[in-house]
A.B. asks: 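Here it is: the structure, laid out below.
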Amino acid sequence: MITMTINNQSIEVEDNITIIEAAKMNGILIPSFCYLEGVHQIGSCRVCVVDVEGANNLQASCVTKVKEGMVVRTNTEEVRKARKVVYELLMSDHNQNCLVCERNGSCEFQSLGEMIQVSEENHYEGEKSKEFMMDSSNPSIVRDMSKCILCRRCVTVCNDIQGIGVLDTQNRGFKSYVGPTDSFDLMDQNCTFCGQCTTVCPVGALKEKDSTGEVWGALHNADLRVVVQTAPAVRAALGEEFGYEPGTLVTGKMASALRRLGFDDVFDTNFAADLTILEEGTELLTRLKAMVEGNKEVALPMITSCSPGWIKYVEHKFPDQLKHLSSCKSPHMMLGALVKSYYAEQLERKSEEMYVVSVMPCTAKKFEITREEMVHDVDAVLTTRELAKMIKDAGIDFTSLKDEEFDQPMGLSSGAADIFATTGGVMEAALRTVWEIITGKEIPFDNLHVASVMGLEGIKEGSVTFTDVVPEWQVFEGVTVRFAAASGLANAKILLKQIRNGESPYLFLEIMACPGGCISGGGQPRLTTETVRKKRMEAIYREDEGKTLRKSHENVAIKALYEKYLKEPLGHKSHELLHTNYVSRPMYKK
């Protein structure tokens, strides 16, 4: 610990932290802009400058470390003037169409201006450096460089957190801009469309491609039956858009709001998550059985395929590993396929009369529905943020809604499906079922939780050894299965390199593109800090633990689906509707 002074207040803080961190711990707020706690600390914008006694110049508090006896002033006349000058310079190169900007009311740049009390008069005017640079070439993410303020948060997330490297600062000086190299569009690069850049952008320079217009069009089309489904992570985050604390579950209000928007059927993607466990679990058992029986050609470890950002990553960066992927479609694509086949047949409707909308925490799923092999399954994807916009647009008072249930037959789900929302959840859900199939007993872990894959660590691992197995699966007696769960594509790279080098100790891997899993997907409410991730994760586990039904294979609606329609996991009908293939993609278009 060291002793220092901030604004005439003597405080004790840990050594080796920054001034901005020390101030925050002691109730002193220093305005900042490019700084993002735990992610981005480069001191480029200079909004967070402070006066440090003895220093020749004002110091950026986000990168300057505290020292014993340091004396800091955060609100002197010189400091306040410097911040306002920096703000006005940034504003002079910024597209100021604030009233029609998507971020109006939730823009960090706006909030900063209010905090530092900038005047109405702008002292700096002139040519703008990036006025006409727009990239809407892909189905997931729009880049509007007229609004970019060069904070470089997106660069750090893309390069350091996700390890993709699509975004970087191009050119120098006044002509600097953030984007792919050689003036490529995102569609021409190995962008995974994970959307993590959109979650850290403080302004409207990076955002999801808006799908609300086409969904409204479908809702107003009397010839269409419009079906909506919602991913498990949405229920733990949507409330934030309406003033609720992060981690507040709004499952019932969400279902109610969707009905009031005019959707004909309100289904739950969780239903298809349970279905995924039956298909994927059977696929895993098939591969493990082949290994135990001596088949050296079987592709192990098997890797989950629920995250479309992860899938696009492996197609670009590790196409030699595609055989390790489960062939299962992601849950929302499974449900879309079933709506347009099984459910349409029940209603005696044609598949083209069914319009499926997925509400997802993910921007990559907007790209996923355009994949040639699955293009007819789901018609539109809304992010959590977009759903909130539609609810507000419709004049629905979300906070006053009464809780309602999902519609049947595709609204029933287990707690195992809920935990698909968080890193380690797909792994845990699969193990709950696989263990019980092989041993005939519940997995012997506290409250069914596989503790080794819970939490927000980037890579988590564990193992199970099958004992006292049922006669049908005697071949698994004494077999140990090592597994790991990774979130964030930089962590995925570590596991894939192990496979490529023949060094992987695992038989089963779960990989999610976004750090922490879908709870912090690219379409979730901003900002997704570690604290917010933790609260959303806790909410998802509460949702699981609050259900009577907590194992996918016990879902009676799934059992009925197999009896009436699919017949068996990995059967002919299942392969036709629920499974897919993957393709090798170039790193960039030439």
Side-chain angles (χ1 to χ4, degrees), residues 1-55 57-87 90 103 105-119 149 151 153 156 199-200 202-203 237 239-248 456 516 520 525-539:
M1 304 293 289
I2 61 102
T3 301
M4 63 179 297
T5 301
I6 302 182
N7 296 345
N8 300 318
Q9 176 184 344
S10 179
I11 59 174
E12 272 197 357
V13 295
E14 291 183 21
D15 196 4
N16 205 38
I17 65 173
T18 60
I19 293 173
I20 198 170
E21 291 169 329
K24 183 179 179 182
M25 290 174 185
N26 287 274
I28 301 168
L29 299 180
I30 298 175
S32 63
F33 196 42
C34 69
Y35 169 74
L36 197 56
E37 185 178 358
V39 176
H40 187 67
Q41 297 171 238
I42 63 172
S44 64
C45 75
R46 317 308 283 185
V47 168
C48 71
V49 292
V50 294
D51 182 308
V52 177
E53 192 172 279
N57 302 302
L58 297 179
Q59 302 294 300
S61 62
C62 70
V63 293
T64 305
K65 297 291 182 69
V66 299
K67 294 180 180 178
E68 176 67 39
M70 179 181 274
V71 177
V72 176
R73 298 177 183 86
T74 71
N75 54 14
T76 66
E77 182 178 12
E78 182 185 10
V79 167
R80 291 173 58 248
K81 281 184 177 179
R83 286 177 184 148
K84 291 179 181 180
V85 167
V86 168
Y87 188 92
L90 288 170
R103 295 298 297 273
S106 65
C107 173
E108 291 182 54
F109 201 26
Q110 277 184 340
S111 299
L112 175 64
E114 181 181 2
M115 184 176 185
I116 66 176
Q117 294 294 295
V118 293
S119 63
I149 43 75
C151 69
R153 287 182 184 179
T156 297
T199 68
V200 299
V203 290
E240 295 167 36
E241 294 285 338
F242 299 94
Y244 289 93
E245 281 292 310
T248 302
L456 292 171
S520 50
R526 308 174 181 94
L527 280 166
T528 303
T529 63
E530 284 298 290
T531 299
V532 171
R533 282 191 187 94
K534 184 177 180 181
K535 288 182 177 180
R536 291 176 186 166
M537 175 181 282
E538 289 169 350

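Note that this is a predicted model, so its numbers are computed, not measured.
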A.B. asks: Looking at I149 and P202, what are the two nearest heavy atoms and their distance?
C.D. replies: CD1-CG, 4.1 Å

A.B. asks: Quick one: does K65's side chain get under 4.5 Å of N16's, heavy atoms only?
C.D. replies: yes

A.B. asks: For K24, look at atom NZ and say whether over 12 heavy atoms of other residues, nucleotides or ligands are found less than 6.0 Å away.
C.D. replies: no

A.B. asks: Return the CZ to CG distance between R46 and N57, rounded to the nearest 0.5 Å.
C.D. replies: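 The distance works out to 9.0 Å.
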
A.B. asks: Taking it one step at a time, do I6 and N26 satisfy side chain to side chain contact (heavy atoms under 4.5 Å, CB included)?
C.D. replies: CA-CA 9 Å; I6 302 182; N26 287 274; 5.9 Å; no

A.B. asks: For the side chain of H40 and the backbone of V200, is there at least one donor-acceptor N/O pair under 3.5 Å apart?
C.D. replies: no

A.B. asks: Hey, does the side chain of Y87 reach the backbone of F109 with a donor-acceptor pair shorter than 3.5 angstrom?
C.D. replies: yes

A.B. asks: Between E108 and R526, does any NZ, NE, NH1 or NH2 come within less than 4.0 Å of an OD or OE carboxylate oxygen?
C.D. replies: no

A.B. asks: What are the two closest non-hydrogen atoms of S32 and I20, and how far apart are they?
C.D. replies: CB-CD1, 3.8 Å

A.B. asks: Given side chain to side chain contact (heavy atoms under 4.5 Å, CB included), test T3 with S10 step by step and report yes or no.
C.D. replies: CA-CA 7 Å; T3 301; S10 179; 3.6 Å; yes

A.B. asks: Nearest 0.5 Å please: distance from the CD atom of E21 over to the CE atom of M25.
C.D. replies: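 Going from CD on E21 over to CE on M25, the span is 6.0 Å.
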
A.B. asks: Are the charged groups of E530 and R533 less than 4.0 angstrom apart, N to O?
C.D. replies: yes

A.B. asks: Might you work through the side chain to side chain contact (heavy atoms under 4.5 Å, CB included) test for M4 and E68, ending with a clear yes or no?
C.D. replies: CA-CA 6 Å; M4 63 179 297; E68 176 67 39; over 6 Å; no

A.B. asks: For residues P525 and E241, report the shortest heavy-atom separation together with the two atoms involved.
C.D. replies: CB-OE2, 3.4 Å

A.B. asks: Nearest heavy-atom pair of M115 and L29: which atoms, and what distance?
C.D. replies: CE-CB, 3.9 Å

A.B. asks: Give, for atom CG of L90 and atom CG of L112, the distance between the pair rounded to the nearest 0.5 Å.
C.D. replies: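 L90 CG to L112 CG: 8.5 Å, rounded to 0.5 Å.
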
A.B. asks: Would the distance check show the side chain of R73 and the main-chain N or O of V50 forming a donor-acceptor pair, the cut-off being under 3.5 Å?
C.D. replies: no

A.B. asks: Can you check whether T74's main-chain N or O pairs, donor with acceptor, with N7's side chain at less than 3.5 Å?
C.D. replies: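 Pair found, side chain donor or acceptor close to backbone of T74.
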
A.B. asks: Measuring only between side-chain heavy atoms, which start at C-beta, is I28 closer than 4.5 Å to Q9?
C.D. replies: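 Yes, at least one pair of side-chain atoms sits under 4.5 Å.
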
A.B. asks: What distance separates E37 CD from L527 CG, expressed to the nearest 0.5 Å?
C.D. replies: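 E37 atom CD to L527 atom CG measures 11.0 Å (nearest 0.5 Å).
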
A.B. asks: Could you measure the distance from the OG1 atom of T76 to the CG atom of D51? Nearest 0.5 Å is fine.
C.D. replies: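 T76 OG1 to D51 CG: 5.0 Å, rounded to 0.5 Å.
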
A.B. asks: Please check this pair: side chain of S61 against backbone of C48, looking for a donor-acceptor N/O pair closer than 3.5 Å.
C.D. replies: yes

A.B. asks: Taking the side chain as every heavy atom from C-beta outward, state whether F33 and V86 have any pair of such atoms under 4.5 Å apart.
C.D. replies: no

A.B. asks: When you measure from the side chain of T529 to the backbone of V532, do you find a donor-acceptor pair of N or O atoms at a distance under 3.5 Å?
C.D. replies: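 The answer is yes, because a donor-acceptor pair under 3.5 Å joins these two groups.
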
A.B. asks: More than 12 foreign heavy atoms under 6.0 Å from CG of D15: is that the case here?
C.D. replies: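 For D15, atom CG is crowded (more than 12 foreign heavy atoms under 6.0 Å).
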
A.B. asks: Using every non-hydrogen atom in the two residues, find where G247 and A539 come nearest and quote the distance to one decimal.
C.D. replies: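 Closest approach of G247 to A539, heavy atoms only: O-CB, 3.1 Å.
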
A.B. asks: Is the backbone of V49 close enough, under 3.5 Å, to the side chain of R83 for a donor and an acceptor to pair up by distance?
C.D. replies: yes

A.B. asks: Mind checking whether V52 and I19 have side chains closer than 4.5 Å, heavy atoms only?
C.D. replies: yes

A.B. asks: Which distance, rounded to the nearest 0.5 Å, do you find between the CG of L58 and the CD of E78?
C.D. replies: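 Here the rounded value is 4.5 Å.
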
A.B. asks: Heavy-atom distance under 4.5 Å between the side chains of T64 and T18, does that happen here?
C.D. replies: no

A.B. asks: Specify the closest pair of heavy atoms between R536 and A237, including all atoms of both residues, with the distance to one decimal.
C.D. replies: NE-CB, 3.8 Å

A.B. asks: Do V13 and I2 have side chains that approach each other closer than 4.5 Å (heavy atoms only, starting at C-beta)?
C.D. replies: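 Yes; the side chains approach each other to less than 4.5 Å.
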
A.B. asks: With V66 as reference, evaluate V72, I17, I11 under the side chain to side chain contact (heavy atoms under 4.5 Å, CB included) test and give the passing residue.
C.D. replies: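 Among V72, I17, I11, the one that satisfies the side chain to side chain contact (heavy atoms under 4.5 Å, CB included) with V66 is I17.
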
